[in-house]
Number of protein chains: 2
Amino acid sequence: MATEQQHPDYDVFAAFCPSRNVFAELADKWSLLLLLSLHKLGEQRFSELQRSVVGVSRKMLTQTLRGLERDGLVRRTVHPETPPRVVYDLLPLGHSLAERVVPIAHWVEENSDSVLEARTEFDAAHGAACA
Amino acid sequence: MATEQQHPDYDVFAAFCPSRNVFAELADKWSLLLLLSLHKLGEQRFSELQRSVVGVSRKMLTQTLRGLERDGLVRRTVHPETPPRVVYDLLPLGHSLAERVVPIAHWVEENSDSVLEARTEFDAAHGAACA
DNA sequence: GAGACTTGGTCTATATTGGAGACCAGGCCG
DNA sequence: CGGCCTGGTCTCCAATATAGACCAAGTCTC
């Protein structure tokens, strides 16, 4: 079947394709959540991000932010004050991706009930079949 | 700050919120890729999926499909023929999510070049700073 | 001037996860 | 009877995530 991709040659389904690599790095809980938070709340410092994306460890926060920075989605600005102040914000490329992630977050918030219900049903049918 | 979520009380940023749990499970490479593949190509059997989503191991394929099935996004149909034939396809809920994932795949395919370029630049600036 | 406290991390130890590949059940073919 | 097919599962090992201690620089307290 015809692929509908815009960019010739690039295909996230192909393991060897550079775009798969990019996809794999971004298709991760913390990356998407950080993108969403920076998009929604604007620039934030390290500790603010840790508070807005509840549950992220400092290590993952550092690591994920570095990845996003490396990918040209996020800008890291160090203000050499004291105590140190490091601010992160989205570059245009980051915003353009974040815009596409927002609908997913909304979908999840709207449909979590259905999902949870399906899970309960599934677990009842499978897990508790013959305890 | 006002959250723009449609569903009262649900917020993917809150670690304890059920929607975060749902988000975390779906915001993963294989789940998204499977959703995309089933959306684009329609129903497929186990081995077809393994071929269309290149690089996925049988273990992860099984595990991810089970998760999606449990969440009410995917339907698993066993045809008790010989050799066995197991077909997976998207339920309406799955399609509605997949539709929102498609733009991300397109973004990645369109913008991978920029990302790759940013990476090269970043690595040149940081990695090779003072070898 | 000694401690304690701040921010933005890093490092270590442990638990969880992912991937590679062996193995398995059931039915057909030869 | 042995081997092949599918759609898994199981085991082992490597990689990754998480928790939490630790650190540097400077400022504030006492």
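Since we're looking at a predicted model, the values are computed, not measured. Quick note on labels: first sequence line is chain A, next is B, and so on, each numbered from 1.
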Legend entry - Polar side chain donor-acceptor pair, B:S52 to B:Q44, under 3.5 angstrom: yes
Inset, instruction - Mark up nucleotides 2-21 of chain D, 5' to 3', with B wherever a protein heavy atom is under 4.0 angstrom from a base atom, S wherever such an atom reaches only the sugar-phosphate, and - elsewhere. - result: ----BSBB-------BBB-B
Inset, instruction - Give, for atom CG of B:N21 and atom CZ of B:F16, the distance between the pair rounded to the nearest 0.5 Å. - result: 13.0 Å
Legend entry - Within one Ile-Leu-Val-Met-Phe-Trp-Tyr cluster: A:L116 and B:L68, side-chain cutoff 4.5 Å: yes
Inset, instruction - Ignoring hydrogens and angles, state whether a donor on the side chain of B:D123 or B:T120 is under 3.5 Å from an acceptor on the partner side chain. - result: no
Inset, instruction - Could you check if a side-chain atom of B:L97 sits within less than 4.5 angstrom of a side-chain atom of A:N111, using non-hydrogen atoms only? - result: no
